[in-house]
Each structure stands twice: as structure tokens, then as C-alpha cells.
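Protein chains get the first letters and strands the later ones, always in sequence-line order, with residue 1 at the start of each.
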2 protein chains.
Amino acid sequence: MTTIHDVARVAGVSISTASYALNGKGSVAPATRRRIQRAAEKLDYKTNARARAFASGRTSILAVTEPLRADTFTSNHMAFVLAAAKAARRYDYDILLLTQEEAAGGLRRVTSGGTVDGIVILDVLTHDERVELARTLKVPSVVVGVPADTAGLVCVDLDFVAAGRMAVQRLAQAGHRRIGFIGHPAASYRPEASNFPPRLRTGLTEEAGRLGVAVDTVTPEVDYRTARRTVTELLSVREPPTALVLHAHEEAHTAALEALADLGRTVPDDVSLISVAQTFDTARFSPAIDAVPLVAERSCERATELLLAMIDGDVEPRLELLSPFYVDHGSVRRPPGTAGPPATPT
Amino acid sequence: MTTIHDVARVAGVSISTASYALNGKGSVAPATRRRIQRAAEKLDYKTNARARAFASGRTSILAVTEPLRADTFTSNHMAFVLAAAKAARRYDYDILLLTQEEAAGGLRRVTSGGTVDGIVILDVLTHDERVELARTLKVPSVVVGVPADTAGLVCVDLDFVAAGRMAVQRLAQAGHRRIGFIGHPAASYRPEASNFPPRLRTGLTEEAGRLGVAVDTVTPEVDYRTARRTVTELLSVREPPTALVLHAHEEAHTAALEALADLGRTVPDDVSLISVAQTFDTARFSPAIDAVPLVAERSCERATELLLAMIDGDVEPRLELLSPFYVDHGSVRRPPGTAGPPATPT
DNA sequence: TTGAAAGCGCTAACAT
DNA sequence: ATGTTAGCGCTTTCAA
């Protein structure tokens, strides 16, 4: 095994100089640095991560805690975990994955022993024991999501309220006066769940109220048949909505499209469609569906950035809400029989 | 920060005795051990993981490498990652997650520096660069899956061939002479993909040949409409299969059930159904579907067991295929119009 | 710009 | 059964 001593010896310098040169720290004469690098290369020297962690007090590992709950969607979770991994790697960190069992216990463990340098808390609940714990830990942490009490925390998340508003604004602008909202299962709106479904719904309904748009809300369970039946019922009333906003699982999108096809309604001629806060690609549906996407990479990139700043320095507690943006795939048009404002904004 | 020195001092022993007592190694008098434990508790002593890793050469972290490819199913991947995490924790290990980018590079990195003690390779391809690399590494690794060349490797996997056989046997026994096989998308059967889809199909078709059962195979893409159309076509021929075997994504199951309902076929009276090698619960469909399940926990538990044995000792290279088992939910009956052998085996 | 040297906190070989 | 002690390989302070 070749150590930094070997490199120093071959390069004819002291180990401290070798260390400085290899880490790009301190001041080393260019010629010396090159000599050391060549020696390291020649000897195929690899820094011993354990020794480095011990000496420096840094492991270059971040804990990522992501419980998997029944009321949430696997693909979304996976997207965030992957995004967190990607972001961490951009800064030369690896991630240690903490799952459901041992949510708080695991955090305590990897934290008290110094296994990780920081914590990324994903998929946070309105009231989350991991957040309570994180507040008391000396290891820095960042929350992706918005718990009820954000005091003393660094939180990053999509502005779900604004995302809900944005969908309504787009539809109102196209002339829709009555929209259907297909939300998550009812359980997702209870106070003990994540709070992004209610946040989105709040933005949507408040903006609708402001703009004089009626909203029919349904919250189908996570299975194709229920979703399909619910959508069919939603559209089979005397005065059906002329547009649908979806904040639901992927299968509900399929179900909605199938239900519409079955009812003989065309998108976007008869019914307009917008999907809000999804991590999957809504362009793959036929027809493609307009979206206000939830980009896991954005949240995780920013969260990681802040976390690393906390690791070597101080960061003021804060709540950073990322502005939503609109992706047009042509699934919104003005309602049938109206000659109102143009469907496409200028 | 309280160290083992503090514990030793308070307990009135040497640090080595404290270390032995705290780690359950060496021989320490029960009374002494208790004294040390009380001291540790009182001081809220936590082993410094970095120092321990440095001194012992073990980090108690396993790398789990799981690329995410387009041709595979997120929920399956997630199931295996979670199962790996769970298994690791059972043995007091944490997992460091390596994703697509840096598949081989990441392995090299966490391996050459001693960041991890071992590697769990998930979702292995028939020809997988990670496997090639793992063969050359001094850090032990275990493969979940079966690459083309298993020489020198420790591999664990469900016996997909036997799983395919089992499904056919069950149906043949119930009297079916023609079955439909709904497989993964065609791309999954190419040599550069994972090899479990072909393995399953091989077992199924060979056993069918042996038992005189005709097999109509379809390989729909991963979207609801294609799946549904394909299933409808499969059943809309002059002599349709009387049973379906599914080795496909979850949405294809929904699609198949919908297609059957649309065609007016009842399960299991008109058509029998078996789902093979799925990680999701096939009982949640209505009707519930018989299964030869793929239990991620089984594979990962055994893989981890072997990996840990490799970490402190030697393990002979091997390929361990786990026997499939059948879960009856009543979705198999004898074909309509036959009065042959009973549908349920004794 | 470079080098000498002091640990970091723990494990484990060895001595008692 | 318990204690002494030598590192583990690196980072970093301090001196030159």
C-alpha cells in the first residue's frame, strides 16, 4: 500500500509538502507540485479516506434520509434520492442512505459518531421527528420541504402555493371558469402527512377564488380503477369542468386520459389539462400534458449547496421557495364554444 | 467531546480494557464491564466512527451500486435498494448509494480509498462493467443477479428459470394447453440488458414445450395503452390462450385486467392469471393475482450475509439461485369447458 | 516555500 | 483479567 510518505520520499519532499500539493492547499512551488503529482501518479497513490477522515474530521459523506411511506409515490422519492446523490457528487460528497426504519435513530447514529458531515432530509412531514431531532444536532442539516415550524432550519422547496396559482392563472387566462382538480388521495391532505399537497391546493383554490373560477376537487386513491371512475364522475355532471388540473400519481394521469377518451372528450379541444408538481415527464402521454414540473434536481442542488456552506461556515436559517415555471405542450386551449381571449399567451 | 480515555478514567481502568468492554471483545470481568458501561452511559460516550474506522480498517459501510436504466422499473429498483439497506442494518452496516453516473468510477473511488468495506452490486447486466471491475478489486463484492460470466464471483439471485417453469407447471396442472405470456418490452430480451427476463422466458417456454403447452408471447412497451392493446389482440384470436402469465410492469397488470373486463372475460372463470417475479403486491389487484414473487429481501439478505463473510474471511465463488415459491390468490382455475383435473392441487 | 512533528481516538498485539 | 503501548495515514500548526 502506498502512502503519502512514499510519495514524499519519491518526490524528495516532506509529507506535509506532499499533502499540501496533493490537496491544492498551502503554497507549493509549481515545480515542486508537479514533481509530487508525478510521484503520486507513478506510485498510483490513493488517499486513504479513513485516515483523511480521521485527521480532518470530515468524511465527505452526507446522510440522505428518505422514509418511504405508503401515502407517497415511489418514483418521486427515487427522483429526489437520485437528485440528492447527483448534487452531492458535484461537490465530491457521497451519500449514505437512511431509510424508514431508523429514521431518527439512524440520524442519531451516523451523526453522533461523525460518520457523516451533514444531513439532507427528504420528503419531510408537516410534523417530522427527523426535523425535531435535526434541530438539536450539532451536525448541520438541510430540509427539502416545509415542516410546520421552520424556526432555526434551512429549508428548500418548490413554491407549491405558487405552482397551484400558476395552473389556475393559465386556465383562467384561457377563459376557463370551472376546473376540476384531481388531487392526491384524501389522506395526503391530513395534517400528519407531507404538507405540499395542501400547499398546492391552497394556492390553487385561493387563486381560483380570486379569479372567479369554480373548482371541483376529487382525491382518488392510488389505483387505476378508482382514479378512472372518479374522473368519469367528475366530468359526467350537468355542468362539467372545462379543464383539469392534476396533482396526482402517474397512473391517475393515464386513467384521466382514458376516461376522457371514453367520454368522447378531446384534449385540448374539449378539455384542457395541466399537470402540477410531478417529477415524471408529462410529455410522454398522448397527448402530451402541460406541466408545472417539480424538478428534484433544483431543490436538491440548492439544498446541497446550502448544506455545504453550513458545514464549513455559518448559514442563517431560512426558507427558500423555488419559483415554479410552466412547460407548454399544447394541452390548454380556451373552452369549447367560447371566443374569448386567445388560448396561447403572447 | 468525551473519548474512550474519559470513560476509562471514570471507570478506573485502562483504555484498552474500556475498548474491549465496549466492543464485547477480549475478556473483561463482568463487574469491570458493568462499571465501564455505566461510565460510558453517564458520560454519554459515543464511539468516534472516524477514529474507529481508521484504527480498525473498517468503516462499517457497504457500497450499494444501482444504476437506473430506462428499460427497467423504478419500483423494483427501489425495492432492492431498500432491501439492501435493511439487510445491511441487520448487521450494523450502513449503505453508501452509488448511482448511474459513476457506476464504475464510483466503485473505484469508494473502494481505493477504503470508504467502504464491501460492495453490493444490484441490477446487474448480462455484461456489466461494474462486475468486470469488481473482479479486479481487493474489496469484496457480491452480485445480485447473474452476469454472463460468473467465474470468480459470488452471485445471488432468484432462480428465474425455475420461476418460469413453476408458472407453466401450475397452469398445465390446471389443464391449460395454450397460454399467453406478457413479457417485458422487447429491448429487455436483448443481450445487452439484464438477463433475468430471458431466463424467465426460457424456463417458461422450455417447460411449456415439455408439457405440450402452446405459448403466445407478447412484449408490450411500458405504457398503459400499448399494453392494453397488445393484451386485447392476444385474446382476440380464433383460439385464444386460456391463461396469462405476466412478467411485466405494474401498469401492464392493470391494462391486462381492464382489457379482460372489456372483452367480457372473467378471472379466473374464463382466463387464469399468474404474475411472475414481481416485487409489488399482486393481491392488491381485483381480482387478486396468483404470484411467483420476487422477494428483494431474500436476495439482499443472503447477499449481505455472504458479503460480510467475505469481509472477514474467505468465501468460495458461487452462484446461489433461490428457489421460487407460489402464492395462491385464486386466480387460476381450469379452462372453461374442461372437466379435467381439479384446479387446485391437493 | 518547505519541513518537523504533534496529534486525531481508537484498536489490537503484547506484556503482565 | 487488565494494562502498556505502538501505531493507523493524514492534516495542520509552527518553525525555519
Exercise. Please test A:T279 against A:V295 for side chain to side chain contact (heavy atoms under 4.5 Å, CB included), starting from the C-alpha separation and ending with a verdict.
Key: CA-CA 6 Å; A:T279 55; A:V295 184; over 6 Å; no

Practice problem: Determine: side-chain N/O of A:S27 to OP1/OP2 of C:dT1, distance under 4.0 Å, yes or no. | Solution: yes

Quiz item: Going by atom types only, do A:D159 and A:S323 share a side-chain donor-acceptor pair under 3.5 Å?
Solution: no

Quiz item: Between C:dC10 and B:S56, is there an OP1 or OP2 to side-chain N/O distance shorter than 4.0 Å?
Solution: no

Exercise. Select from B:A51 and B:G12 the residue whose nearest nucleotide in DNA chain D is closer to the 5' end of that strand.
Key: B:G12

Practice problem: Between A:V28 and A:I15, just flag the one whose closest nucleotide in DNA chain C comes earlier from the 5' side. | Solution: A:V28

Quiz item: Over how many whole Å does the gap from B:D117 atom CG to C:dT11 atom P extend?
Solution: 14 Å

Self-check item: Aromatic stack A:F54/D:dC10: centroid gap under 5.5 Å, interplanar angle under 30°
Solution: no

Self-check item: Out of D:dG9, C:dT11, C:dG9, whichever nucleotide has its closest atom nearest the side chain of A:T3
Solution: D:dG9

Practice problem: Mind checking B:S16 for me? I need base, sugar-phosphate or nothing, with any heavy atom below 4.0 Å counting as a touch. | Solution: base

Quiz prompt | Distance, rounded to the nearest Å, where A:H5 contributes NE2 and C:dA4 contributes P | solution = 11 Å

Practice problem: Nearest whole angstrom, please: distance from the P of D:dT12 to the CZ of A:R58. | Solution: 9 Å

Quiz prompt | Distance, rounded to the nearest Å, where A:N23 contributes CG and C:dT2 contributes P | solution = 16 Å

Quiz item: With no angle test and no hydrogens, is the base of D:dT4 tied to the side chain of B:Y20 by a donor-acceptor pair under 3.5 Å?
Solution: no

Practice problem: Provide, to the nearest angstrom, the distance between the CZ atom belonging to B:R50 and the P atom belonging to C:dG7. | Solution: 19 Å

Exercise. Give the intermediate values and the outcome of side chain to side chain donor-acceptor pair (under 3.5 Å) for residues B:S16 and B:S19.
Key: CA-CA 5 Å; B:S16 60; B:S19 175; over 6 Å; no

Quiz item: A:R34 CZ to C:dT1 P: how many Å, rounded?
Solution: 14 Å

Practice problem: May I have the distance from B:N48 (atom CG) to C:dC10 (atom C1'), rounded to whole angstrom? | Solution: 8 Å

Exercise. Go through C:dA4, C:dC10, D:dA1 for me and flag the one nearest to the B:T32 side chain.
Key: D:dA1

Quiz item: Between A:Y45 and A:Q37, do the side chains contain an N or O donor and an N or O acceptor separated by less than 3.5 Å?
Solution: no

Self-check item: Integer-rounded Å distance: C:dC10 P and B:K25 NZ
Solution: 14 Å

Quiz item: So which nucleotide from C:dG9, D:dT12, C:dA12 ends up closest to the side chain of A:S19?
Solution: D:dT12

Self-check item: Rounded distance [0.5 Å steps], OG1 in B:T32 versus CD1 in B:I36
Solution: 6.0 Å

